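My questions will all concern the structure given below.
Just so you know, residue 1 is the first one in the sequence shown, and it goes up from there. A quick note: this is a predicted structure, and the numbers were derived from the prediction, not measured.
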Amino acid sequence: MSTRPPSFSICVYCGSRPGVDPSFAAAARDIGHWIGSHGGQLVYGGGRNGLMGLVAQATLAAGGTVIGIIPQALVDKEMANLDCTELHVVQTMHERKRLMAELADAFLALPGGIGTFEEFFEVWTWRQLGYHDKPVGLLNQGGYYDGMVRFLQTSVEQQFMGPWQMELIRIDSDWQRLLPALVQDAGVTPSDRLENI
Ligand code: AMP
C-alpha cells in the first residue's frame with residue numbers, strides 16, 4: 001500500500017446484501033478497484049457482507065485505504081470487516097454517520113436497502129440545509145432506483161421539493177461517469193498511482 005496520503009476520500013453507502021442483479025456486485029467491485037487504483041480512500045459502514053464487503057475488499061486489493069466505521073452492536077454480531085485499514089468502533093449510529101460524513105470529500109449511494117436509503121437521504125438533507133457542501137451521488141445501476149427517482153420527480157411536481165433540491169445530487173446509471181464526476185466536484189484530484197509510484 002502507498003504511504004502517501006489518499007488523494008481523495010469517498011463515502012460509499014450500499015447494501016449489506018448483494019441483491020439479485022449480478023451487475024450490482026460487478027459495479028461494487030469495479031468502484032472499489034477504481035478508488036484503490038487512483039490512490040483513494042473508501043469510508044464506509046465497516047461491514048463485511050453484501051455490496052459493502054465487495055467494495056471494501058476491492059479497494060484494499062487495488063492498494064487503497066479503507067476506513068470502516070461501525071457501531072459496537074454490529075461488531076458484537078461479528079459483522080465487522082477486520083481487514084479495514086482502520087476500523088472505528090463507535091457507540092451510536094449518530095456518531096457513526098457524523099464521522100463517515102466528516103471523513104469524506106463526497107458521497108455515493110449504490111443499490112441497497114433501507115440502511116442505504118436512510119444514509120443517502122440524510123447526507124442530501126444535510127447538504128440542502130448547508131451543513132456540508134460535499135457532492136452527493138446516486139448510482140442508478142441497472143435502473144434499480146428508477147421508481148424512487150420517479151417518485152422524487154412527483155415530489156417536485158407536487159411542490160414539496162424545489163428543482164434546486166434535485167440539482168444538489170447527481171444521478172447516473174454509469175459509475176464510470178458518476179464516480180470521477182463526484183471526485184472532480186469535490187475539488188480533489190485523483191492521482192494515478194501507477195504513474196506516481
Ligand atoms: P442496507 O442498505 O439496509 O443493507 O444497509 C446498508 C447500509 O447501512 C450501509 O451503508 C451501512 O452503513 C449500514 N449497515 C447496514 N447493515 C450493516 C452491517 N451488517 N454492517 C455494517 N453496516 C451496516
Exercise for the section: Could you tell me whether the side chain of Asn81 reaches within less than 4.5 Å of the side chain of Gln57, counting heavy atoms only? Expected result: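 Touching, per the 4.5 Å side-chain cut-off.
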Problem - Under 3.5 Å: donor-acceptor pair, side chain of Arg96, backbone of Gly45 - result: yes
Practice task
Keeping the roles fixed (side chain from Ser23, backbone from Gln141), state whether a donor-acceptor pair exists under 3.5 Å.
Solution key: no
Exercise for the section: Check whether the side chains of Ser9 and Gln41 place a donor and an acceptor atom closer than 3.5 Å, and report yes or no. Expected result: yes
Practice task
Please examine the side chains of His33 and Asp30, heavy atoms only from C-beta on, and report whether any two atoms are closer than 4.5 Å.
Solution key: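 Not touching, per the 4.5 Å side-chain cut-off.
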Exercise for the section: Would you confirm whether Asn140, through its side chain, and Tyr145, through its main-chain N or O, come within 3.5 Å as a donor-acceptor pair? Expected result: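 The answer is yes, because a donor-acceptor pair under 3.5 Å joins these two groups.
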Practice task
Check whether any side-chain heavy atom of Asp133 sits under 4.5 Å from a side-chain heavy atom of Arg127, and report yes or no.
Solution key: yes
Handout entry: Mutual orientation of the aromatic rings belonging to Tyr13 and Phe107 [parallel < 30°, tilted 30-60°, perpendicular > 60°]
Key = parallel
Handout entry: Test item: Val123 and Lys134 side chains (from C-beta on) under 4.5 Å apart, heavy atoms
Key =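 Answer no - side chains too far apart.
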Practice task
Answer whether the closest heavy-atom distance between the side chains of Leu182 and Arg170 falls below 4.5 Å.
Solution key: yes
Handout entry: Other residues, nucleotides, ligands: >12 heavy atoms within 6.0 Å of Leu129 CG
Key =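 Enclosed.
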Practice task
Look at the side chain of Ser155 and the backbone N and O of Phe151, then say whether any donor-acceptor pair between them is shorter than 3.5 Å.
Solution key: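 It does not hold such a pair.
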Practice task
Taking Tyr144 for its side chain and Gly112 for its backbone only, find out whether a donor-acceptor pair lies under 3.5 Å.
Solution key: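 Checking the backbone N and O of Gly112 against the side chain of Tyr144, a donor-acceptor pair under 3.5 Å is found.
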Handout entry: Whether Arg177 side chain and Asp172 backbone form a donor-acceptor pair below 3.5 Å
Key =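 Flag not set: sc Arg177 to bb Asp172 has no pair under 3.5 Å.
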Practice task
Look at the aromatic rings of Phe120 and Trp124 and report parallel, tilted or perpendicular, splitting at 30° and 60°.
Solution key: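 Judged by the thresholds at 30° and 60°, the geometry between Phe120 and Trp124 is tilted.
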Problem - Side chain to side chain, Asp83 and Val66, heavy atoms closer than 4.5 Å - result: no
Handout entry: Close side-chain approach of Leu60 and Thr85, heavy atoms under 4.5 Å
Key =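 Leu60 reaches Thr85 side chain to side chain.
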Practice task
Check the angle between the aromatic planes of Trp126 and Tyr131 and answer parallel, tilted or perpendicular using the 30° and 60° thresholds.
Solution key: tilted
Fill in the blank from the handout: Of all heavy-atom pairs linking Leu103 and Ile67, the shortest is CD1-CG2, 4.0 Å
Problem - Leu54 and Leu51, any side-chain heavy atoms less than 4.5 Å apart - result: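 Side chain of Leu51 against side chain of Leu54, heavy atoms only: contact under 4.5 Å found.
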